Engineer: 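Shown below is the structure under consideration.
As the structure is a prediction and not an experimental result, all values here were calculated from the model.
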Amino acid sequence: MDRGTWSIDIRSLDTGERLYELNAGKLMMPASNMKILTLAAAADAFGWDHRFTTTLETSGTVSGGVLHGDLVARGTGDPSINTHDGRGELVLDEWARALQAAGISSIEGRIVGDDQAFDDEGLGAGWSWDYLQYDYAAPVGALEFNENVAPLSVSPGTAVGDAAIVKLAPGHGFSILNHAVTGPSGSENTIDFRRHLERPVLEVTGLTPAGGASFNRDVAVVNPTVYFAQCLKDGLSARGIAVSGEAVDQDDIATEVLGGATPERHVLVSTQSPSLLEIGTVLMKVSQNLYAETLLKALGAANGGLGTAEGGRLAVRRTLDAWGIPPDAYVMADGSGLSRYDYVTAGALATTLAHLYTDPRHREAFMSTLAIAGTDGTMATRLKGTRAGGNALVKTGSISNVRALSGYVRTRDGERLVFSMLANGFMIPSATVNRMADLGVEILSNFTRH
């Protein structure tokens, strides 16, 4: 680590004593430890029982089982309509039943996505161009389905030299440029994909061996709202409710004037998300970037305004100011830590964690969102078989040349400690840096004053 830097802050929550510090006041890239600040501010603003609302609305008349008009989905940022616990399918089931209960068996109109609760800037500040196609960089929106990723499948053709067969779920928003080729049987699969910057083109390259298994990945979609509307249309069709019109973003039809006035809408069904506690648990345990970016925009919209990242950052600042964290102890560009514009001190993270622990409104809820060492989430395979296993509650962080580990651990005496360990600028293997941090937590778990 001679070419890298550690920033460390370790304190006793029982006595308030600072046990160790190294560069604790230095600004460091935190990677996903930024999620600690985002979730802390969201929980303080909304409460752990907060739920996001998505409504299904009609703008037309119903006769003979037909909705003569558009079906509108209006979102406020529920990130959980996805495959976790099959919730996406359950929501589609609920909405299909609501349509049927309203006497609607087909729709002579469009599926419209109303995403006006948030602005249309889906990407975080400082996100790198070369990973925007990947699932962890999915764009945020007020309507989100399947975490705003579309399944990509690349399969071999019939014979060697044939073009590979590329399939991408509808609503993705890309034009596909297929340069992938079927290679000899037993050859290495070298399939890759990238997103063009100048236009929405997904280029697929490489070889897939003849007779081999398909290459399956998730691709970040272009427009989350169109993708949501398309998935809703397909889901209703699969449940016997035909839709004649297209899936569209309300922004793309905003200039339409029907009879000189906007068609009146009627709420058909209102669906509540799981609680912020449940959303926060997914966010922290598996380090889900989209959830964090959604909470940041939701904070921006908390007082009735438009959900923007800047509004969210101001809301986070108000919370941290109230907790005594200096504004020069962090630089917040996004909510997830994916941006390399993010900086925070180990001291600011330790102070935030200490505040959450000492506040009875937050202690148990926040701690339950963290990964348990050696047990689940991003810590499932780390610190197994040590005194820290099943003991340390941790948030990890990982981007290139950055590793972070912050959380809580009990000592051999049962004393509760809070720690934050950030490593930046190293050239040694990241697994070695992780092992160093893990060893630090293991040492803390074995600490005794007797």
Engineer: How are the rings of Tyr227 and Phe145 set to each other: parallel, tilted or perpendicular (split at 30° and 60°)?
Structural biologist: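 The arrangement is perpendicular - the two ring planes meet at more than 60°.
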Engineer: Tell me yes or no: between the side chains of Arg317 and Tyr330, is some donor less than 3.5 Å from an acceptor?
Structural biologist: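 The criterion, which ignores hydrogens and geometry beyond distance, is satisfied for Tyr330 and Arg317.
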Engineer: Does a side-chain N-to-carboxylate-O contact under 4.0 Å join Asp44 and Arg361?
Structural biologist: yes
Engineer: If you round to the nearest 0.5 Å, how far is CG of Leu236 from CG of Leu56?
Structural biologist: 7.5 Å
Engineer: Would you sort out whether Glu278 and Ser275 count as a side chain to side chain donor-acceptor pair (under 3.5 Å), showing the intermediate values?
Structural biologist: CA-CA 5 Å; Glu278 295 169 90; Ser275 67; 3.1 Å; yes
Engineer: Please report the shortest heavy-atom distance between Thr76 and Phe52, naming the atom on each side.
Structural biologist: O-CD2, 3.5 Å
Engineer: As an exercise, state the distance from CG of Leu71 to OG1 of Thr58, rounded to the nearest 0.5 Å.
Structural biologist: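 Between Leu71 CG and Thr58 OG1, I get 7.5 Å after rounding to 0.5 Å.
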Engineer: Output the distance between atom CZ (Arg382) and atom CG (Asn434), rounded to the nearest 0.5 Å.
Structural biologist: 4.0 Å
Engineer: Please check if any side-chain donor atom of Ser287 sits under 3.5 Å from a side-chain acceptor atom of Lys395, or the reverse.
Structural biologist: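 Yes, Lys395 and Ser287 have a side-chain donor paired with an acceptor closer than 3.5 Å.
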Engineer: Between Trp323 and Thr352, is there a side-chain donor-acceptor contact under 3.5 Å, judged purely by atom types and distance?
Structural biologist: no
Engineer: For residues Leu92 and Leu232, determine if any side-chain heavy atom of one lies less than 4.5 Å from a side-chain heavy atom of the other.
Structural biologist: yes
Engineer: Return a table of donor-acceptor pairs under 3.5 angstrom between the side chains of residues 295-314 and protein atoms on other chains or two or more places apart.
Structural biologist:
{"from": "Lys297", "atom 1": "NZ", "to": "Asp119", "atom 2": "OD1", "distance (Å)": "2.8"}
{"from": "Lys297", "atom 1": "NZ", "to": "Glu121", "atom 2": "O", "distance (Å)": "2.8"}
{"from": "Thr308", "atom 1": "OG1", "to": "Gly311", "atom 2": "N", "distance (Å)": "2.9"}
{"from": "Glu310", "atom 1": "OE1", "to": "Arg313", "atom 2": "NE", "distance (Å)": "3.1"}
{"from": "Glu310", "atom 1": "OE1", "to": "Arg313", "atom 2": "NH2", "distance (Å)": "3.0"}
{"from": "Arg313", "atom 1": "NH1", "to": "Ala333", "atom 2": "O", "distance (Å)": "2.6"}

Engineer: Taking all atoms of both residues into account, what is the closest heavy-atom pair of Tyr291 and Gln288, and its distance?
Structural biologist: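 Reported closest heavy-atom pair: N-OE1, 3.0 Å.
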Engineer: Would you please classify the geometry between the His172 ring and the Phe174 ring as parallel, tilted or perpendicular, with 30° and 60° separating the classes?
Structural biologist: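 Taking His172 first and then Phe174, their aromatic rings lie parallel (interplane angle under 30°).
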Engineer: Is it the case that over 12 heavy atoms from other parts of the model lie below 6.0 angstrom from the CD atom of Glu188?
Structural biologist: no
Engineer: Is Arg87 salt-bridged to Asp85, going by a charged N under 4.0 Å from an acidic O?
Structural biologist: no
Engineer: Are the side chains of Leu370 and Val394 in touch, meaning some heavy atoms are under 4.5 Å apart?
Structural biologist: no
Engineer: Between Asp115 and Thr225, is any side-chain donor less than 3.5 angstrom from a side-chain acceptor?
Structural biologist: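 Present: a donor and an acceptor within the cut-off.
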Engineer: Could you check whether the rings of Phe366 and Trp48 sit parallel, tilted or perpendicular, using 30° and 60° as the cut-offs?
Structural biologist: tilted
Engineer: Give the minimum heavy-atom separation between Gly347 and Asp9, together with the two atoms involved.
Structural biologist: CA-OD2, 3.4 Å
Engineer: Nearest 0.5 angstrom please: Arg51 CZ to Gln272 CD, how far?
Structural biologist: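 Output value for this atom pair is 7.5 Å.
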Engineer: Is it true that atom CD of Gln116 has more than 12 heavy atoms of other residues, nucleotides or ligands lying nearer than 6.0 Å?
Structural biologist: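 Correct, the count exceeds 12.
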Engineer: Could you give the distance from CG (Leu283) to OG1 (Thr294), rounded to the nearest 0.5 Å?
Structural biologist: 9.5 Å
Engineer: What's the separation between atom NZ in Lys285 and atom OG1 in Thr378, rounded to the nearest 0.5 Å?
Structural biologist: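 Interatomic distance, Lys285 NZ to Thr378 OG1, rounded to 0.5 Å: 9.0 Å.
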